[in-house]
Amino acid sequence: MYYQIIDVKKESIGIVWRFIENKPLIERIFLPCLRNQLILKIKREYQETGIAERDTPGNIAERILSLYAGSEVNFDFSLLNWSKLTKFSAKVLKQTGQIPLGKVATYSGLAVKIGSPQAARAVGTALANNPFPLIIPCHRVVRTDGSLGGFGGGIKMKKELLTREGVVSDEKDRVAGKFFSSG
């Protein structure tokens, strides 16, 4: 197992990945934080694997940086290691991956789309445990009233990511209806 640190301004994004059958698979993306803190998090979480620093093959790191910058990137979801997720979580994350750039969806809307209309809280839990943030844009999911809800990187980062993608919120951190995805 390997990790790569990508510097973005004063912080860094972490990618944990491995090769399975000669194909790189992303295990986890760590949202930006200070480089030293990030390395400690990665080594603490993956200490049993003898993890080593190594650049991801191809242009995976560059694509993740583009996503962080708010650019539209078609990312091959087969490069994500889905095997550690429950079927429900995988379903939620795959549906979340369909939210277009510049749009948002609601927790309850995602629950309906995956065929579990009463599971909005469970959808929120699945998103809170998203191992692939930025690639699976859980920051694009908001509450029904348009308020931002939670995010692993904090509300400030969620708002910044959405703003980079063209989704603006008002002074009460609510997203206007025009940004809601119809699909």
Side-chain angles (χ1 to χ4, degrees), residues 3-17 26-35 37-38 41-42 45 56 59-77 79-80 82 85 89-90 92-111 113 120-121 123-183:
Y3 71 94
Q4 180 176 357
I5 305 297
I6 311 167
D7 293 322
V8 287
K9 297 183 182 177
K10 294 180 183 178
E11 298 183 308
S12 302
I13 296 172
I15 307 169
V16 175
W17 63 282
I26 297 172
E27 294 287 322
R28 174 111 189 253
I29 305 290
F30 286 85
L31 289 168
C33 67
L34 296 176
R35 185 181 187 88
Q37 292 174 345
L38 182 58
K41 281 182 190 180
I42 291 170
E45 191 164 323
T56 55
N59 60 357
I60 291 173
E62 291 80 14
R63 289 171 155 254
I64 291 170
L65 275 175
S66 292
L67 289 166
Y68 183 69
S71 298
E72 186 162 10
V73 174
N74 291 324
F75 203 94
D76 181 358
F77 287 177
L79 295 175
L80 305 177
W82 298 96
L85 299 172
S89 290
V92 169
L93 296 180
K94 287 176 182 176
Q95 186 64 48
T96 302
Q98 302 305 310
I99 303 169
L101 183 77
K103 297 291 182 180
V104 296
T106 64
Y107 298 99
S108 57
L110 284 176
K113 285 189 182 246
R121 283 184 184 254
V123 164
T125 299
L127 294 173
N129 294 306
N130 175 10
F132 317 116
L134 303 176
I135 296 171
I136 301 295
C138 53
H139 61 278
R140 293 182 191 157
V141 183
V142 299
R143 294 181 177 153
T144 304
D145 68 356
S147 60
L148 296 180
F151 183 64
I155 294 301
K156 182 180 177 209
M157 184 183 295
K158 184 172 187 171
K159 188 174 181 174
E160 288 171 1
L161 289 169
L162 288 171
T163 300
R164 285 182 206 143
E165 296 177 355
V167 176
V168 294
S169 53
D170 64 18
E171 65 282 347
K172 294 182 180 179
D173 287 339
R174 291 184 195 268
V175 174
K178 70 179 181 178
F179 295 109
F180 283 74
S181 175
S182 59

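By convention here, the first residue in the shown sequence is residue 1.
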Open item on the list: So, applying side chain to side chain contact (heavy atoms under 4.5 Å, CB included) with Phe180, which one of Val167, Ile99, Val104 is it?
Closed with: Val104

- [ ] Supply the atom-to-atom distance Ser169 OG to Lys158 NZ, rounded to the nearest 0.5 angstrom.
- [x] 10.5 Å

TODO: Measure from the side-chain N and O atoms of Gln4 to the backbone N and O of Thr56, and report whether any donor-acceptor pair falls under 3.5 Å.
DONE: yes

TODO: Could you tell me whether the side chain of Ile26 reaches within less than 4.5 Å of the side chain of Phe75, counting heavy atoms only?
DONE: yes

TODO: Could you check if a side-chain atom of Arg140 sits within less than 4.5 angstrom of a side-chain atom of Thr96, using non-hydrogen atoms only?
DONE: no

TODO: With sequence neighbours excluded, tell me which residues meet side chain to side chain contact (heavy atoms under 4.5 Å, CB included) with Arg164.
DONE: Tyr68, Glu160, Leu161

Open item on the list: Looking at every heavy atom in both Gly70 and Glu165, which two are closest together, and how far apart are they?
Closed with: CA-CG, 4.0 Å

Open item on the list: Name the residue from Leu80, Ile6, Ile13 that meets the side chain to side chain contact (heavy atoms under 4.5 Å, CB included) definition with Ile29.
Closed with: Ile13

TODO: Return the minimal non-hydrogen interatomic distance between Pro137 and Gly97, and the atom names on each side.
DONE: CD-CA, 3.9 Å

TODO: Identify the residue among Asn59, Leu65, Leu67 that makes a side chain to side chain contact (heavy atoms under 4.5 Å, CB included) with Arg63.
DONE: Asn59

TODO: Start with the C-alpha distance between Leu85 and Phe132, add both sets of side-chain angles, then the distance that settles side-chain contact (heavy atoms from CB on, under 4.5 Å), and finish with yes or no.
DONE: CA-CA 11 Å; Leu85 299 172; Phe132 317 116; 4.1 Å; yes

Task: Gap separating the CH2 atom of Trp17 from the CG atom of Leu79, nearest 0.5 angstrom - done: 11.5 Å

- [ ] Find the distance between NZ (Lys94) and CH2 (Trp82) and round it off to the nearest 0.5 Å.
- [x] 5.5 Å

Open item on the list: Donor-acceptor check, side chain of Lys103 to backbone of Lys178, threshold 3.5 angstrom: yes or no?
Closed with: yes

Open item on the list: Between Asp170 (side chain only) and Arg174 (backbone N and O only), is there a donor and an acceptor less than 3.5 Å apart?
Closed with: yes

Task: Within 6.0 angstrom of Arg121 CZ, more than 12 heavy atoms from elsewhere - done: no

Task: Where Gly14 and Ile42 come nearest, the two heavy atoms and their spacing - done: CA-CD1, 4.2 Å

Open item on the list: Rounded at 0.5 Å granularity, tell me how far CG in Leu162 sits from CG in Leu101.
Closed with: 10.0 Å

Task: Closest approach of Asp7 to Ser12 (non-hydrogen atoms, all atoms of both residues) - done: OD1-OG, 2.6 Å

Task: Spacing of CZ belonging to Phe77 relative to CD1 belonging to Ile136, to within rounding of 0.5 Å - done: 3.5 Å

Task: Heavy-atom pair of closest approach, residues Ile15 and Ala61 - done: CD1-CA, 4.0 Å

Open item on the list: If you compare all heavy atoms of Arg143 against all heavy atoms of Tyr107, which two are closest, and at what distance to 0.1 Å?
Closed with: N-CE1, 3.8 Å

Task: Separation between CG of Leu127 and CG of Leu93, rounded to the nearest 0.5 Å - done: 6.0 Å

